[in-house]
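Order of the sequence lines fixes the chain letters, A, B, ..., with proteins taken first and strands second; residue numbering starts at 1 for each chain.
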There are 2 protein chains.
Amino acid sequence: MPKKVTILDVAQFSNVTKSTVSRVINDSPLVNERTKQRVWQAIKELGYTPNRTARSLALGKNHVIGMVVSEQQISDVVLNPFFPTVLKGITTVANQQGYNILLLSLSGQDAQSYTEILQRHTVDGFLILGGPSDVNLGRDLDRMKVPYVFIGKHDPEAQHSFVSTDNEEGGYIAGKHLIDLGHRNIRLMVGEVKGSILVHNVERIAGFRRALGEAGIPFEDRLVVKMPTDMENSYYFLKTYLERDRPSGLILSNEVTSMSCLNLLLDEGIAVPDEISLVSFGDPQFFRNTRPSLTTVSQSVEWLGRTAMEMLLKRVTGGEWLPPKIIRKPEIVLRGSTKKCGV
Amino acid sequence: MPKKVTILDVAQFSNVTKSTVSRVINDSPLVNERTKQRVWQAIKELGYTPNRTARSLALGKNHVIGMVVSEQQISDVVLNPFFPTVLKGITTVANQQGYNILLLSLSGQDAQSYTEILQRHTVDGFLILGGPSDVNLGRDLDRMKVPYVFIGKHDPEAQHSFVSTDNEEGGYIAGKHLIDLGHRNIRLMVGEVKGSILVHNVERIAGFRRALGEAGIPFEDRLVVKMPTDMENSYYFLKTYLERDRPSGLILSNEVTSMSCLNLLLDEGIAVPDEISLVSFGDPQFFRNTRPSLTTVSQSVEWLGRTAMEMLLKRVTGGEWLPPKIIRKPEIVLRGSTKKCGV
DNA sequence: TTGTAAGCGTTATCAG
DNA sequence: CTGATAACGCTTACAA
């Protein structure tokens, strides 16, 4: 540790009191220009830097935002740009406004273990990646007046504070795009975690269904296929799946499953888009760099991060009011993985 | 904010003083079992959780490690698994030992702006990703007794605290692998940032040179090619480069340039490994999922993160002594991107 | 076994 | 404009 020089040292060195030094470093107008100079001089001389912890204690604020990430999420990061991309958005805003990010990782899954973490650390607010682990979490946090914003997944019914993409619309756009290209035999692939599918996919299914309906294609359960979410298992799942069912269009729900699908099709010699058209949800920048590049329902993950942080800081600093939830319409980025059916 | 219930509230509620409550929550042995029960009861009842800031101030320790990341690094994260992977290693250890990670991002590049950041935040130590931005940084930090560990890049001559891979050996292994396969016309591609190449590549060049020497192949400057490091520019650089020079073996220095190379070769219809063999430095897991999968000189990035954190915490907690630098020998993972020359 | 009281380094409220 | 002095919430000798 650097030898600690405190505000008192500076005060004595420049023949004033702590109060004055405090005023100087906080750029208070009510301090004589000359003493201000003297104090700054002393600060330089002694190499003083204010102790953030002490300041936090006195002010009751840290200028630190806790970012809650599940172990799971930080685990399968290779090839999954969600985490780093959202982080980029978050830090951009944080830096602008002089806030720092404290990484908080979860062990348990229940609201209890959540709130425990939440309170143990003195941070000014929470950004919760991947949405609430527990349905009641939002309600509990609201009740305890804990400032927070969920990023990504969310319950569309809930009144909780979150930022997300309009997944229903996304599912609709993806389906419509393929239908417009003449595809009739389309599958929506959704990740299955512990036997259930995530809320954002539930919404996408609804949108997909709407697109089918508009085109007069009857919806059947088999058009939505549950699959594993990791690289390894999704690859083998798709391998066996495509052996007995060969749609002309496939909608994938994220970067990882899209990559394994792309790899599998290449390995099996199935041409994209000639034999099968692919649409993926996810980061458009990422899918630009795959081969073939993929038609993408854009998630704008960086925007998610930026917006969530802005919402949270507005709330924390008690500034302007912002609507509790912000949902962005997705856009489709057309690339080389889709073409007219059967041409 | 949750209504703050302090140690004093608990004390009054359970008819003891702050001191006793403090002892209870710190699990001190010198407190009566029955009052201990009473106090815990009160804690539960009131929903008390200790304030970390206050505790930090009193103890002079935070249980927080600052992770210094350059803006640049957090910017080009898509497709670059270094950051998330090293983070995984770091958080694994941090969680085990009850530490948290504070993300610190750099604006300037000089040691001055570095140390300023370093001191403004009260953290117990620093993990500096990508190595020192300034040659003197390590020395300065050492002099100021700031606990730190550099991760990744480093000056091999320096006495500073860092963990890294043996890049000279890596360059040697990569070169030798291709040479053993009969290749004679090999290029080592190294990233160029602001006109100069990074230290870890300087070492790789040395190793590459050693491999050539052993095989009796004369070294020439043109065998080492400087190129841009981002997706976009590296793609176009390679495009023009390969028009006028067509080696039989290429060594790429990271994930991003490898991807753009792979994409380019595919786009141009140049077969890997039939027409050209590829070796890359980087994360073996990542390169397993490219097509073709790439022969990789493994960086074990997660190991870097884990080890760095362990070193730092040993130093912070003043436990056992650990050598200031730890360097790990790389391994080569053989995959489908290399084959015998001309067969 | 428990209480008292002095810090830890700031900020903030009064006076002067 | 500047100085005392009391917070902020917790730990820790030192007493009792």
Is there a donor-acceptor pair under 3.5 Å between the side chain of [X] and the backbone N or O of [Y]?
X      : Y      : result
B:S161 : B:Y148 : yes
A:T91  : A:L87  : yes
A:N26  : A:S28  : no
B:D124 : B:I65  : no
A:T317 : A:L313 : yes

From OG (A:S22) to CZ (A:R55), nearest 0.5 Å: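 Here the rounded value is 7.5 Å.
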Least distance between heavy atoms, B:S164 atom then B:G152 atom: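 For B:S164 versus B:G152, the nearest heavy atoms are OG-O, 2.9 Å.
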Minimal non-hydrogen separation, A:G66 against A:L104, with atom names: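 Distance-wise, the nearest heavy atoms are CA-CD2, 3.8 Å.
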Under the ring-ring contact (aromatic ring centres under 6.0 Å, His included) test, residues paired with B:F126 that sit two or more places apart: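 Residues passing ring-ring contact (aromatic ring centres under 6.0 Å, His included) with B:F126: none at all.
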Side-chain N,O (A:S22) to OP1/OP2 (C:dT11) below 4.0 Å: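 Result: yes.
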Residue of the set A:V10, A:N15, A:V31 for which side-chain contact (heavy atoms from CB on, under 4.5 Å) holds with A:T20: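 Answer to the side-chain contact (heavy atoms from CB on, under 4.5 Å) test with A:T20 among A:V10, A:N15, A:V31: A:V31.
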With A:L312, the side-chain contact (heavy atoms from CB on, under 4.5 Å) member among A:I151, A:T307, A:V149, A:V93: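 Among A:I151, A:T307, A:V149, A:V93, the one meeting side-chain contact (heavy atoms from CB on, under 4.5 Å) with A:L312 is A:V149.
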For [X] and [N], what is the distance between atoms [atom1] and [atom2] respectively, to the nearest whole Å?
X     : N      : atom1 : atom2 : answer
A:D27 : C:dT11 : CG    : P     : 13 Å
B:I7  : C:dT2  : CD1   : C1'   : 14 Å
B:R23 : C:dT4  : CZ    : C1'   : 10 Å

Carboxylate-amine/guanidinium contact A:R143 A:D140, below 4.0 Å: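 The answer is yes: the pair qualifies as a salt bridge.
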Lys/Arg N to Asp/Glu carboxylate O, A:E302 vs A:R306, below 4.0 Å: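 Here A:E302 pairs with A:R306 in a salt bridge, since their nearest N and O are under 4.0 Å apart.
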B:V39 and B:Y48: CA distance, side-chain angles, deciding distance, side chain to side chain contact (heavy atoms under 4.5 Å, CB included) verdict: CA-CA 11 Å; B:V39 172; B:Y48 166 75; over 6 Å; no
Contact boundaries on DNA chain D for chain B, cut-off under 4.0 Å to non-hydrogen atoms: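 Range of nucleotides within reach of chain B: D:dG9 to D:dA13.
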Which residues within [range] lie with some heavy atom under 4.0 Å of an atom in DNA chain D?
range                     : result
residues 29-36 of chain A : A:L30, A:V31, A:N32, A:T35
residues 48-58 of chain B : B:Y48, B:P50, B:N51, B:A54, B:R55, B:A58
residues 8-21 of chain B  : B:K18, B:S19

Axis deviation across the helix from C:dT1-D:dA16 to C:dG16-D:dC1, five-pair ends, to the nearest 10°: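 Inter-axis angle at the termini of the helix from C:dT1-D:dA16 to C:dG16-D:dC1: 40°.
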Geometric class of the A:H160/A:F150 ring pair [parallel <30°, tilted 30-60°, perpendicular >60°]: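 Judged by the thresholds at 30° and 60°, the geometry between A:F150 and A:H160 is perpendicular.
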